[in-house]
Peer 1: 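Can you keep this structure in mind? I'll have questions shortly.
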Protein chains: 2
Amino acid sequence: MGDTAGEIRPEDDGKPRRVRADAQRNLDALLRAAMAAFATSGVDAPVREIAEKAGVGIGTVYRHFPQRSDLIIAVFRQEVDACADAAPALAAAHDPGEALSRWMRRYLDFIAAKRGLAAALHSGDPAYEVLPSYFQRRLVPALQSLLDAAAAAGVVRAGFAATDLLRAVAVLAAPSQELGPEHGRRMVDLLLDGLRYGAGPSPGA
Amino acid sequence: MGDTAGEIRPEDDGKPRRVRADAQRNLDALLRAAMAAFATSGVDAPVREIAEKAGVGIGTVYRHFPQRSDLIIAVFRQEVDACADAAPALAAAHDPGEALSRWMRRYLDFIAAKRGLAAALHSGDPAYEVLPSYFQRRLVPALQSLLDAAAAAGVVRAGFAATDLLRAVAVLAAPSQELGPEHGRRMVDLLLDGLRYGAGPSPGA
DNA sequence: CACATATACGGAACGCTGTTCCGTTTTTCA
DNA sequence: TGAAAAACGGAACAGCGTTCCGTATATGTG
């Protein structure tokens with residue numbers, strides 16, 4: 001689903017050559033290695049370390065990602081996509097209320113994991129300016145669909161904006177670093193209970 | 001007032017020699033140069049650049065500030081002190097209501113200027129862990145005294161915690177980067193109007 | 001006043017970054 | 001099968017924070 005930088009197929013024109021197989025393979029390996037490195041050592045993980053993990057030279061890294069920030073952005077987008085794509089999957093596997101609360105926890109984990117990136121985000125580097133809009137564009141519709149389904153099922157109040165909920169969880173997740181991982185979960189549950197408060201028991205009536 | 005790293009006088013013991021005059025002079029020059037450099041180029045300003053601005057060798061910088069973060073911290077504390085010390089000065093020069101609103105704007109400017117540092121603060125580097133507590137220790141009493149005086153004069157509701165107000169302004173100042181400097185000022189004024197809402201017109205009656 | 005020494009200074013040098021460059025290798029397509 | 005296009009690898013460069021140590025200087029004393 002998401003337009004991750006990982007998939008490049010010749011939908012551009014008919015004439016030019018196909019993307020070389022080794023190039024695609026290295027790109028995938030790089031994204032995997034970078035994701036692992038960022039999870040382990042944070043976003044400050046050296047490019048050389050990532051290249052080595054991927055079994056690739058430094059030059060190859062910079063061929064695919066001209067700047068270090070491009071690699072960070074690519075990994076970020078990939079994980080945003082994974083989080084967004086979890087919404088329809090959960091909606092198909094559970095009832096609307098359960099799908100909503102499961103996705104909220106999934107989102108909370110994502111936010112907690114990306115804590116280190118938040119610092120880079122607010123560093124003023126213009127390279128990261130594209131991230132917030134991508135974040136919104138992918139995650140707002142994902143949550144909104146769950147929210148609407150839950151409202152239609154009558155387990156949640158209608159008319160609540162996904163944007164506000166996303167922002168609230170992101171803000172509430174910040175102190176959960178110092179206060180333990182329990183705190184964030186409690187706050188999310190509290191928010192969901194708040195949504196349930198004004199809900200009517202049956203949709204059609 | 002504040003225990004800035006800039007003043008070192010032999011209150012420790014009686015025996016050892018006095019602090020050398022050139023050492024003190026260089027320390028002052030370094031703090032001034034660092035403050036200017038951070039204001040111009042942000043907290044990422046190179047140590048060498050600061051040393052040059054101060055007319056000093058790199059070795060001298062590291063003699064006074066073993067780590068780059070120590071220099072940042074020293075400047076930060078100095079500016080926190082300046083902001084805190086503005087409270088009694090404003091209280092002496094204006095009536096309680098005016099003193100309070102003037103200090104809030106002073107504090108807003110401080111927060112807006114230290115935006116770049118905020119990123120470093122949340123980077124997880126343990127060197128900066130001491131800063132928030134210093135921030136609280138100096139600024140909370142400063143604001144609380146203004147708040148109490150204004151409440152006693154009846155221009156502001158009583159019983160509002162300085163901590164909450166400080167945090168609120170800090171959070172509200174963040175979007176004011178993108179929304180223009182007007183935004184932060186409007187939000188601060190709004191907060192102050194909120195404080196005025198429940199106030200009684202005269203203190204003794 | 002001159003001297004001895006604790007103290008501070010300066011900047012070359014080290015190791016680590018991100019990034020560039022280009023000779024070499026590999027893949028693709030005719 | 002063979003040329004040309006594409007991608008690879010890693011040495012090399014510039015800039016960073018930090019360390020180290022020979023040199024200069026301020027301080028208290030004989």
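Below, chain A is the first sequence line, B the second, and so on; all start at residue 1. Remember, predicted model here, so these are calculated numbers, not experimental data. Scope of the values below: all heavy atoms of this structure, side chains included, with no hydrogens, waters or symmetry mates.
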Peer 1: Contacts to DNA chain D from residues 51-64 of chain A, heavy-atom cutoff under 4.0 Å, which residues?
Peer 2: A/Val56, A/Gly57, A/Ile58, A/Gly59, A/Thr60, A/Arg63, A/His64

Peer 1: In this structure, how many angstroms lie between the C1' atom of C/dC9 and the CG atom of B/Leu27, rounded?
Peer 2: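 One finds 14 Å between C1' of C/dC9 and CG of B/Leu27, rounded.
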
Peer 1: Any side-chain N or O of B/Asn26 below 4.0 angstrom from OP1/OP2 of C/dA8?
Peer 2: no

Peer 1: Calculate the interatomic distance between B/Arg48 atom CZ and C/dA13 atom P; express it in whole Å.
Peer 2: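 Answer to the nearest Å: 13 Å.
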
Peer 1: Rounded to the nearest Å, what distance is computed from the CD1 atom of residue B/Ile50 to the C1' atom of nucleotide C/dG11?
Peer 2: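 To the nearest whole Å, that distance equals 17 Å.
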
Peer 1: Does a salt bridge link A/Arg102 with A/Glu98, judged by any charged N lying under 4.0 Å from a carboxylate O?
Peer 2: yes

Peer 1: Please identify each residue that fulfils side-chain contact (heavy atoms from CB on, under 4.5 Å) with A/Arg32, with sequence neighbours left out.
Peer 2: none

Peer 1: Write down the distance between CD (B/Gln67) and C1' (D/dT19), rounded to a whole number of angstrom.
Peer 2: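 From B/Gln67 CD to D/dT19 C1': 12 Å.
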
Peer 1: With sequence neighbours excluded, tell me which residues meet side-chain contact (heavy atoms from CB on, under 4.5 Å) with B/Ala36.
Peer 2: none

Peer 1: In whole angstrom, what separates B/Asp44's CG from D/dG15's C1'?
Peer 2: 13 Å

Peer 1: Quick test of your reading of the model: are B/Asp109 and B/Arg106 salt-bridged, counting only N-O distances below 4.0 Å?
Peer 2: no

Peer 1: Give me the ring orientation class for B/Phe76 and B/Phe110: parallel if the planes are under 30° apart, tilted from 30 to 60°, perpendicular past 60°.
Peer 2: tilted

Peer 1: Side chain of B/Pro46 only, heavy atoms from C-beta on: which candidate in D/dC8, D/dG17, C/dT17 is closest?
Peer 2: D/dG17

Peer 1: Show me, pair by pair, the donor-acceptor contacts under 3.5 angstrom made by side chains of residues 52-63 of chain B, not counting sequence neighbours?
Peer 2:
none

Peer 1: Base, backbone or nothing for each nucleotide of nucleotides 25-30 of chain C, written B, S, -, heavy atoms under 4.0 angstrom, 5' to 3'?
Peer 2: -BSBS-

Peer 1: Tell me the interatomic distance from A/Glu49, atom CD, to C/dT17, atom P, rounded to whole angstroms.
Peer 2: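 Value for this atom pair: 8 Å.
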
Peer 1: What pairs with B/Ala99 under side-chain contact (heavy atoms from CB on, under 4.5 Å), at least two apart in sequence or on another chain?
Peer 2: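 With sequence neighbours excluded, B/Ala99 shows a side-chain contact (heavy atoms from CB on, under 4.5 Å) to B/Leu90, B/His94, B/Leu146, given in chain and number order.
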
